Colleague: 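Okay, handing you the structure first.
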Amino acid sequence: MEAVAVIDFETTGMSPGYGARATEIAAIIVRDGQIIDRYQSLMNAGVSVPWFITQLTGITTAMVRQAPSARQVMGEVADFVGDYPLVAHNASFDKKFWDAELAGIGHARQQDFICSMLLARRILPQAPNHKLGTLVDYAKLPVTGRYHRAEADAEMTAHLTLYLERELRRRFGLDAVSCQLLTQIQKTPASRLGDCVGRYGSGTTK
DNA sequence: TGCCAGGCCCTCTTTAGGGCCTT
């Protein structure tokens, strides 16, 4: 698989359209089957952290008020990931915040998202459910820190993505898995996974 | 204080409803 940037946001709520802001972001660069670089920072968007979010994440209003500005952090992380494809667990969530926070500093996203949750639904339909924590446990992947903190969740999403890549290679005898194949698998029902791999994984089968 | 979303997927579907997943 080509290099990708696995990202995870912690936020004050579910939707930037209703005033929620990012409080923390992490980005993990994965290349040649391993993690090669990482970025993590809390960020101060000038908002308070709701009590239930602090209970969930451990991130407090005091912590974000001591953090660098959202403008600074988003500029740094955008430079860090460059034009690598972005991977996130339930990417529709992180995509909303990535686009909204970048728009806040006058930038626009320049790459596509790949969703590890949609991939897991296709490749591991037998898993008990497709929450990140359940999949980490199911695949016996390392728990790299506290759930609901950006760096730990991003790192576990990176390990999950590599596991899904290995599963595809093992199950279909592929030499390599491209981002194009992963993008197509996202759009394909689980029942047609084999057809999708046959069509878009062509040229890489053993 | 409590509330607010939305894309995807399945089915008791498609002129819809509800669960999953993210914070």
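None of these values were measured; they are calculated from a predicted model. So you know, we letter chains A, B, ... as the sequences are listed, proteins then strands, and number each from 1.
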Colleague: Could you tell me the separation between the CZ atom of A:Phe113 and the P atom of B:dG7, rounded to a whole number of Å?
Modeller: 14 Å
Colleague: Expressed in whole Å, how much space separates the P atoms belonging to B:dC21 and B:dC3?
Modeller: 23 Å
Colleague: Provide, to the nearest angstrom, the distance between the CZ atom belonging to A:Arg21 and the C1' atom belonging to B:dC4.
Modeller: 17 Å
Colleague: How about A:Lys131: does its NZ atom have over 12 heavy atoms from other parts shown lying under 6.0 Å from it?
Modeller: no
Colleague: In the structure I gave you, are the side-chain heavy atoms of A:Gln111 and A:Val81 within less than 4.5 Å of one another anywhere?
Modeller: yes
Colleague: To check you understand the geometry: which heavy-atom pair defines the closest contact between A:Arg71 and A:Ile105, and what is its length?
Modeller: CA-CG2, 3.6 Å
Colleague: What's the CE-P distance between A:Met43 and B:dT23, to the nearest Å?
Modeller: 14 Å
Colleague: My understanding is that only residues two or more places apart in sequence, or in another chain, count here; which of them pass salt bridge (Lys or Arg N to Asp or Glu O under 4.0 Å) with A:Glu2?
Modeller: none
Colleague: C1' atom, B:dC12 versus B:dG18: distance in rounded Å?
Modeller: 12 Å
Colleague: Any non-hydrogen side-chain atom of A:Ile59 less than 4.5 Å from a side-chain atom of A:Ile53?
Modeller: no
Colleague: Distance between the P atoms of B:dG17 and B:dT1, in whole angstroms?
Modeller: 35 Å
Colleague: Can you check whether A:Arg171 reaches A:Val197 side chain to side chain, under 4.5 Å on heavy atoms?
Modeller: no
Colleague: Any non-hydrogen side-chain atom of A:Ile25 less than 4.5 Å from a side-chain atom of A:Trp98?
Modeller: yes
Colleague: Taking CZ from A:Phe52 and P from B:dC3, how many angstroms apart are they, rounded to a whole number?
Modeller: 10 Å
Colleague: Base, sugar-phosphate or nothing for A:Phe97? Non-hydrogen atoms, less than 4.0 Å.
Modeller: nothing
Colleague: Give the rounded distance in Å between these two atoms: CD of A:Glu24 and P of B:dT22.
Modeller: 16 Å
Colleague: Could you work out the separation of B:dG2 and B:dC8 based on their P atoms and round it to a whole Å?
Modeller: 33 Å
Colleague: Students often get this wrong, so: under 4.0 angstrom with heavy atoms, is A:Met14 touching a base, only sugar-phosphate, or nothing?
Modeller: base
Colleague: Among residues 83-96 of chain A, which contact DNA chain B at a heavy-atom distance under 4.0 Å?
Modeller: A:His89, A:Asn90, A:Ser92, A:Phe93, A:Lys96
Colleague: Counting C-beta onward and ignoring hydrogens, is there a side-chain heavy-atom pair between A:Ile114 and A:Thr183 closer than 4.5 Å?
Modeller: yes
Colleague: If you measure from the C1' atom in B:dT14 to the same atom in B:dC10, how many Å do you get, rounded?
Modeller: 12 Å
Colleague: Of A:Lys187 and A:Gly19, whose nearest nucleotide on DNA chain B comes first from the 5' end?
Modeller: A:Gly19
Colleague: Decide whether A:Gln72 and A:Glu76 meet the rule of one side-chain donor and one side-chain acceptor closer than 3.5 Å.
Modeller: yes
Colleague: Taking the side chain of A:Arg121 as its heavy atoms from C-beta onward, which of B:dT22, B:dT23, B:dG7 lies nearest to it?
Modeller: B:dG7
Colleague: Strictly below 4.0 Å, heavy-atom distances to any atom of DNA chain B: list the hits from residues 145-168 of chain A, or just say none.
Modeller: A:His148, A:Asp153
Colleague: Taking everything shown except A:Arg146 itself, do over 12 heavy atoms lie less than 6.0 Å from its CZ?
Modeller: yes
Colleague: For atom P, what is the distance between B:dG19 and B:dC4, given to the nearest Å?
Modeller: 15 Å
Colleague: Roughly how many Å is it from OH in A:Tyr18 to P in B:dG6, rounded to a whole number?
Modeller: 6 Å
Colleague: May I have the distance from A:Leu118 (atom CG) to B:dC10 (atom P), rounded to whole angstrom?
Modeller: 11 Å
Colleague: Just the rounded figure in Å: distance from C1' of B:dT23 to CD1 of A:Ile53.
Modeller: 4 Å
Colleague: Check the phosphate of B:dC20 against A:His130, side-chain N and O only, distance under 4.0 Å to OP1 or OP2. Yes or no?
Modeller: no
